[in-house]
Amino acid sequence: LFGSLADKYRESFLMLKNSLLSANIKTPLRTYMSVTFLATVLAYFGTMGAVAVLTSLSILKISGIMIFVYFVSAPIFVACLTFLTMVVYPSQVAISRNRNIETNLPFVLTHMGAVAESGVPPYIIFKLIGQFEDYGDIALEMRKIVRNVDEFGVDPITAVKAVAERTPSDSLKQILLGFVTTIESGGDIKSFLKSAGQQSLFEWRVRREKFLQQL
């Protein structure tokens, strides 16, 4: 019903595509836009019907010009609110995921560094971290890397780059890209993870101290 409308205004909603990817919402942009337009239309006519019913049953005690005002303004307001909510929702989910990743990142890096000390390859490190549900969205990002390798046949470097480009966390993105650079340059993964873990843990302590001082 709304596919052609979604195609027409696609360029205006390109930022929404990035939000969908960062929020891990597995819905194509065209489909999400179509659902947004549908929800907006349903909200408009639904509110119009609700106002009519409430007025006819005298539950909404208005008369004269106010009936016209409510009948026109209420559906428009609810429709606009519905449209705005649908557009903003993916970015809010992405922000929530970013917050979750930033909270767990120092401890994940410490864990990854400890695993790397045993000399296992990076793919195994990602696979092990992905099994820890307590790490929240970071575990999910690690499972994406493993999925890209196991199911799609992508090489580990490309798999890491793909996840780095879509993760909502800039910190995790820099860590993953640093991981790739270290591997491609023949650097020491253990040293990289140890350094990154210490830096991330230091920043976490600074943020915690700042928060406690504000309290």
Side-chain angles (χ1 to χ4, degrees), residues 1-105 130 133 135-145 147-148 151-152 154 159 161-174 176-177:
L1 292 176
F2 296 94
S4 59
L5 192 63
D7 292 335
K8 182 178 180 180
Y9 294 101
R10 181 182 178 86
E11 295 298 322
S12 301
F13 289 88
L14 287 180
M15 289 183 63
L16 185 59
K17 181 178 181 180
N18 295 329
S19 296
L20 289 171
L21 293 173
S22 298
N24 197 40
I25 297 176
K26 300 179 178 65
T27 304
L29 176 61
R30 185 176 188 269
T31 303
Y32 191 86
M33 289 174 60
S34 299
V35 172
T36 299
F37 291 135
L38 173 61
T40 302
V41 171
L42 291 177
Y44 179 83
F45 287 106
T47 305
M48 186 180 292
V51 171
V53 171
L54 292 175
T55 303
S56 63
L57 296 177
S58 298
I59 296 176
L60 189 62
K61 299 184 182 301
I62 54 177
S63 59
I65 189 65
M66 290 306 297
I67 295 178
F68 176 77
V69 171
Y70 271 82
F71 202 72
V72 172
S73 61
I76 293 177
F77 173 77
V78 174
C80 290
L81 184 62
T82 301
F83 180 82
L84 184 62
T85 300
M86 292 290 291
V87 171
V88 172
Y89 173 72
S91 62
Q92 294 303 308
V93 174
I95 291 173
S96 177
R97 294 190 70 229
N98 173 63
R99 190 179 299 114
N100 181 274
I101 290 173
E102 295 289 339
T103 300
N104 289 303
L105 188 58
E133 296 293 340
Y135 288 149
D137 285 294
I138 293 185
L140 177 61
E141 300 296 277
M142 298 303 169
R143 288 198 293 271
K144 289 180 184 178
I145 296 175
R147 177 205 61 191
N148 289 346
E151 298 181 14
F152 301 149
V154 179
K161 287 181 179 179
V163 173
E165 290 301 319
R166 297 184 175 187
T167 182
S169 169
D170 287 335
S171 298
L172 181 59
K173 178 179 181 179
Q174 295 304 319
L176 293 177
L177 293 179

Sorted by chain and residue number, the salt bridge (Lys or Arg N to Asp or Glu O under 4.0 Å) partners of Arg97 (sequence neighbours excluded) come out as Asp137, Glu141
- [ ] Just jot down the salt bridge (Lys or Arg N to Asp or Glu O under 4.0 Å) partners of Glu133, sequence neighbours excluded, or say none.
- [x]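 Salt bridge (Lys or Arg N to Asp or Glu O under 4.0 Å) check on Glu133 returns Arg143.
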One should read off an interatomic distance between Asn98 CG and Ser169 OG, to the nearest 0.5 angstrom, of 5.0 Å
Spell out, as yes or no, whether a donor-acceptor pair under 3.5 Å connects the side chain of [X] to the backbone of [Y].
| X | Y | value |
| --- | --- | --- |
| Thr31 | Thr27 | no |
| Ser91 | Val88 | yes |
| Asn100 | Ser96 | no |
| Thr40 | Thr36 | yes |

So for atom CG, which belongs to Leu14, do other residues, nucleotides or ligands contribute more than 12 heavy atoms lying within a distance under 6.0 Å? yes
Give a yes or no on whether Phe152 atom CZ has more than 12 heavy-atom contacts from other residues, nucleotides or ligands under 6.0 Å away.
-> yes
What heavy-atom pair brings [X] and [Y] nearest, and what distance separates the two atoms?
| X | Y | value |
| --- | --- | --- |
| Leu140 | Asn24 | CD2-ND2, 3.3 Å |
| Ala94 | Pro168 | O-CB, 3.5 Å |
| Leu105 | Ser171 | CD2-CB, 3.6 Å |
| Pro90 | Leu16 | CG-CD1, 3.7 Å |
| Ala43 | Ala79 | CB-CA, 4.2 Å |

Between Tyr32 and the options Phe37, Phe13, Tyr89, the side-chain contact (heavy atoms from CB on, under 4.5 Å) test singles out Tyr89
Once side-chain contact (heavy atoms from CB on, under 4.5 Å) is applied, do any residues pair with Leu38, and if so which ones, sequence neighbours excluded?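 Leu38 satisfies side-chain contact (heavy atoms from CB on, under 4.5 Å) with Phe2, Leu42 once adjacent residues are dropped.
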| request: Sequence neighbours left out, what pairs pass salt bridge (charged side-chain N to carboxylate O under 4.0 Å, His left out) with at least one residue falling in residues 20-36? | output: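 Residue pairs with at least one partner in residues 20-36: Asp7-Arg30.
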Sorted by chain and number, sequence neighbours left out, ring-ring contact (aromatic ring centres under 6.0 Å, His included) with Tyr135 holds for His111, Phe132
Applying side chain to side chain donor-acceptor pair (under 3.5 Å) to Asn148 and not counting sequence neighbours gives none
